[in-house]
Amino acid sequence: MVNADRLFPADPALRDITRELYAEVKDLPIISPHGHVPIQWFHDKDYHFANPTELFITPDHYVTRIMHSQGVELKDLGVNQKEFTPEQSKHAFELFGKYWYAYAGTPMRYWFEDALANVFGIDKEFGPDTAGEIYDELDALLKTDEFSTRALVKKFNLEFISTTDDTFDDLHLHDETNADPDFPARLAPAFRPDKLLEPKKTPDWAAQVAKLGEVTGEDTSTYEGFFEAMRKRRLYFKEHGAVLSDHSHDDVRSDRVPDDELPALYKEALDGTISEEDATRLRRTFFNDQIRLAQEDGLVMTVHPSVFRSYDKGNLATYGPDTGADIPARAEFAAALQPMLNQYGSNKDFHFVAFTMDETVYSRELAPLAGFYPGFYVGAPWWFIDSPEPILRYLNAVTTAAGFTKLSGFIDDTRALCSIPARHDMNRRLTCRFVAGLVADHRLSLEEGKRVVRDSVQAVPRKVFKLD
């Protein structure tokens with residue numbers, strides 16, 4: 001059974017303040033502006049997860065990578081398997097129980113235990129001796145109306161959720177879902193153009209560019225046509241409910257190739273003859289284009305650079321991307337963003353949200369930038385730092401220079417549906433714990449502390465992501 005005071009301070013006086021603050025936010029609706037759950041889960045009124053493994057293990061690379069580190073093959077967890085029998089699914093869940101000891105101290109353990117207790121009402125201890133039994137209980141529950149995907153969305157009190165979508169998606173599933181009065185949340189697509197901005201890293205880049213031209217009716221054999229096609233796709237996403245564009249590259253530099261060089265470099269990229277160095281220069285120009293277009297269409301820009309994507313090439317070849325083999329890298333923002341922020345950072349209608357997995361840049365770069373530029377916000381702890389200790393370090397490092405109003409609000413960035421309420425609740429508890437310290441130190445009154453924690457859940461993300 002999960003403890004009602006989990007993550008609260010051990011000191012009794014601080015714990016009492018934390019409890020009072022938490023009471024202000026624990027039942028507030030969830031705003032989830034960035035994640036990776038597929039639209040199909042929401043579109044089908046009667047969508048049910050086939051089994052507990054499909055819900056908790058296979059789509060969640062946070063979970064699968066830990067078992068992989070213990071020597072378990074990802075194929076035995078259903079990763080990238082076209083066929084996975086019920087017997088294999090139960091075995092995968094039993095493997096989860098067998099290696100449960102490896103999750104001690106991890107946020108994955110917290111999320112799973114939270115979901116078992118608070119979503120499914122299962123309070124028995126999970127482990128090798130109970131995994132099979134708990135699998136059967138969950139499997140039976142998932143077949144009931146109470147645990148369809150839509151019922152879970154309502155149970156989670158989801159107010160807003162954004163998916164991450166292919167640049168060429170016609171978004172009809174989003175339109176149909178939002179038009180359905182029975183769907184209990186506001187659903188938005190998100191524009192993710194990374195593959196079209198990376199001429200060297202995208203193997204079929206020229207074919208992707210040609211498809212962009214077909215979808216938009218623009219001649220993308222020229223840079224000018226490519227730029228106009230991007231403008232059209234961004235506007236298309238916005239017309240269908242998108243509030244943001246999402247970007248992940250090796251850096252966030254946006255210096256432009258001189259105009260007289262652009263046509264030749266663009267042609268080299270299409271021909272597949274462009275060098276690594278010039279492909280990087282062209283990608284930075286394309287990223288600059290996205291910044292320029294954001295001034296027109298108003299889409300919020302979220303960036304999360306500096307990741308060794310698909311670090312293990314054998315894993316990539318066998319299982320594909322986004323299967324747990326991405327590794328944090330050193331990040332740099334201040335020098336990289338100076339030209340962009342000098343030009344656009346004081347535009348209060350341009351919102352630029354910077355996420356990182358490199359904690360060293362919080363107090364040195366991101367917080368001071370957010371504390372000066374109206375349009376700059378510090379993204380929530382993300383990926384490997386979405387856990388209790390880093391979240392507290394983030395709040396301590398960022399709020400002194402930027403305050404609470406220049407944070408992004410929490411981002412769950414998940415492919416696992418049931419971790420959404422657990423992750424948001426974890427962040428609410430830790431925010432209340434941090435603010436309780438300010439109240440106890442008489443740096444905030446209790447009423448001010450209550451306003452801060454409420455705003456962190458509702459007012460701040462609504463403003464940052466332009467939801468009103």
Side-chain angles (χ1 to χ4, degrees), residues 28-45 47 149-150 152-154 156-196 211-212 215-217 228-248 289-304 349-353 355 375 377 379-380 408-415 417 420 424 457-468:
L28 290 179
I30 290 173
I31 295 174
S32 177
H34 173 74
H36 299 278
V37 291
I39 177 60
Q40 290 81 2
W41 290 358
F42 304 127
H43 178 262
D44 186 347
K45 292 183 178 183
Y47 188 93
T149 303
R150 288 201 174 188
L152 288 173
V153 168
K154 186 176 293 186
F156 297 165
N157 198 14
L158 267 173
E159 175 184 330
F160 175 86
I161 187 164
S162 178
T163 57
T164 301
D165 305 280
D166 188 273
T167 316
F168 309 124
D169 199 313
D170 67 11
L171 305 179
H172 75 279
L173 295 182
H174 291 78
D175 295 342
E176 292 171 6
T177 304
N178 278 319
D180 185 347
D182 292 332
F183 186 69
R186 175 181 168 189
L187 175 69
F191 185 65
R192 181 73 178 263
D194 286 2
K195 64 183 179 182
L196 285 163
K211 185 174 181 180
L212 177 66
V215 169
T216 60
E228 288 304 316
M230 277 294 187
R231 171 185 274 131
K232 286 186 175 181
R233 285 313 288 170
R234 288 175 61 95
L235 286 172
Y236 183 88
F237 268 69
K238 184 174 183 179
E239 289 163 0
H240 290 262
V243 299
L244 65 86
S245 67
D246 188 46
H247 308 269
S248 180
D289 289 341
Q290 296 295 312
I291 295 168
R292 291 164 62 197
L293 289 169
Q295 312 309 308
E296 300 176 11
D297 58 38
L299 289 178
V300 177
M301 290 191 73
T302 62
V303 300
H304 37 97
D349 295 322
F350 171 50
H351 290 189
F352 189 95
V353 189
F355 295 86
Y377 297 87
S408 68
F410 187 67
I411 303 290
D412 53 69
D413 184 46
T414 188
R415 291 173 169 80
L417 186 65
I420 292 176
H424 281 264
V457 172
Q458 282 282 312
V460 167
R462 296 191 73 83
K463 178 186 176 183
V464 175
F465 293 99
K466 304 181 179 181
L467 300 182
D468 292 322

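Model, not experiment: these values are computed from the prediction.
- Closest non-hydrogen pair, Ser408 versus Val353, comes out as CB-CG1, 3.7 Å.
- Between Arg150 and Pro184, the shortest heavy-atom distance links the atoms O-CG, 4.0 Å.
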Test salt bridge (charged side-chain N to carboxylate O under 4.0 Å, His left out) on Lys195 and Asp166; report intermediate values, then the result.
CA-CA 10 Å; Lys195 64 183 179 182; Asp166 188 273; 2.7 Å; yes
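- Of the inter-residue distances, the one linking Phe191 atom CZ with Thr302 atom OG1 reads 12.0 Å to the nearest 0.5 angstrom.
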For the pair Val215 and Arg233, evaluate side-chain contact (heavy atoms from CB on, under 4.5 Å) and give the outcome as yes or no after the intermediate values.
CA-CA 9 Å; Val215 169; Arg233 285 313 288 170; 3.4 Å; yes
For Ile411 and Phe465: C-alpha separation, side-chain torsions, deciding distance, then whether side-chain contact (heavy atoms from CB on, under 4.5 Å) applies.
CA-CA 11 Å; Ile411 303 290; Phe465 293 99; 3.9 Å; yes
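- Lys45 and Asp180 are joined by a salt bridge, as a carboxylate oxygen and a charged side-chain nitrogen come within less than 4.0 angstrom of each other.
- Rounded to the nearest 0.5 angstrom, Met301 CE and Gln290 CD are separated by 6.0 Å.
- The side-chain heavy atoms of Val243 and Lys466, taken from C-beta on, include no pair separated by under 4.5 Å.
- Separation of atoms CD1 (Ile39) and CD (Glu176) is listed at 9.5 Å; rounding is to 0.5 Å.
- Using a 4.5 Å heavy-atom threshold, the side chains of Ser245 and Arg192 count as separate.
- Summarising the geometry of Leu152 relative to Leu417, their closest heavy-atom pair is CD1-CD2, 4.1 Å, with the distance given to 0.1 Å.
- Here the closest non-hydrogen pair linking Asp169 and Phe237 is O-CE1, 4.4 Å.
- Between Gln295 and Ile291, the shortest heavy-atom distance links the atoms NE2-O, 2.9 Å.
- Within a 6.0 Å radius of NZ in Lys232, other residues, nucleotides and ligands contribute more than 12 heavy atoms.
- Of the N and O atoms on the side chains of Asp412 and Thr414, not one donor lies less than 3.5 Å from an acceptor on the other residue.
- Between Leu187 and Ile161 there is a side-chain heavy-atom pair separated by less than 4.5 Å.
- Taking all atoms of both residues into account, the shortest heavy-atom contact from Leu173 to Gln40 is CD1-NE2, 3.9 Å.
- Between Ile31 and Pro29 there is no side-chain heavy-atom pair separated by less than 4.5 Å.
- The 12-atom threshold is exceeded at NZ of Lys238, counting heavy atoms of other residues, nucleotides or ligands nearer than 6.0 Å.
- In this structure, His304 and His34 have tilted ring planes: the angle between them lies in the 30° to 60° band.
- Counting only heavy atoms from C-beta outward, the side chains of Tyr236 and Leu171 approach each other to under 4.5 Å.
- With contacts defined as side-chain heavy-atom distances shorter than 4.5 Å, the pair Arg231/Asp289 does not qualify.
- Contact of the Ser248 side chain with the Val303 side chain is not registered, since no non-hydrogen atoms from C-beta on lie closer than 4.5 Å.
- In this structure, Phe183 has its ring center under 6.0 Å from that of Phe42.
- Put simply, CZ on Phe410 and CG on Asp413 are 9.0 Å apart, with the number rounded to the nearest 0.5 Å.
- Annotation: side chain of Glu159 is not in contact with side chain of Ser32 (no heavy-atom distance under 4.5 Å).
- Between Asn178 atom CG and Arg186 atom CZ the span is 8.5 Å, to the nearest 0.5 Å.
- The CG atom of Leu158 lies 7.5 Å from the NE2 atom of His424; values are rounded to the nearest 0.5 Å.
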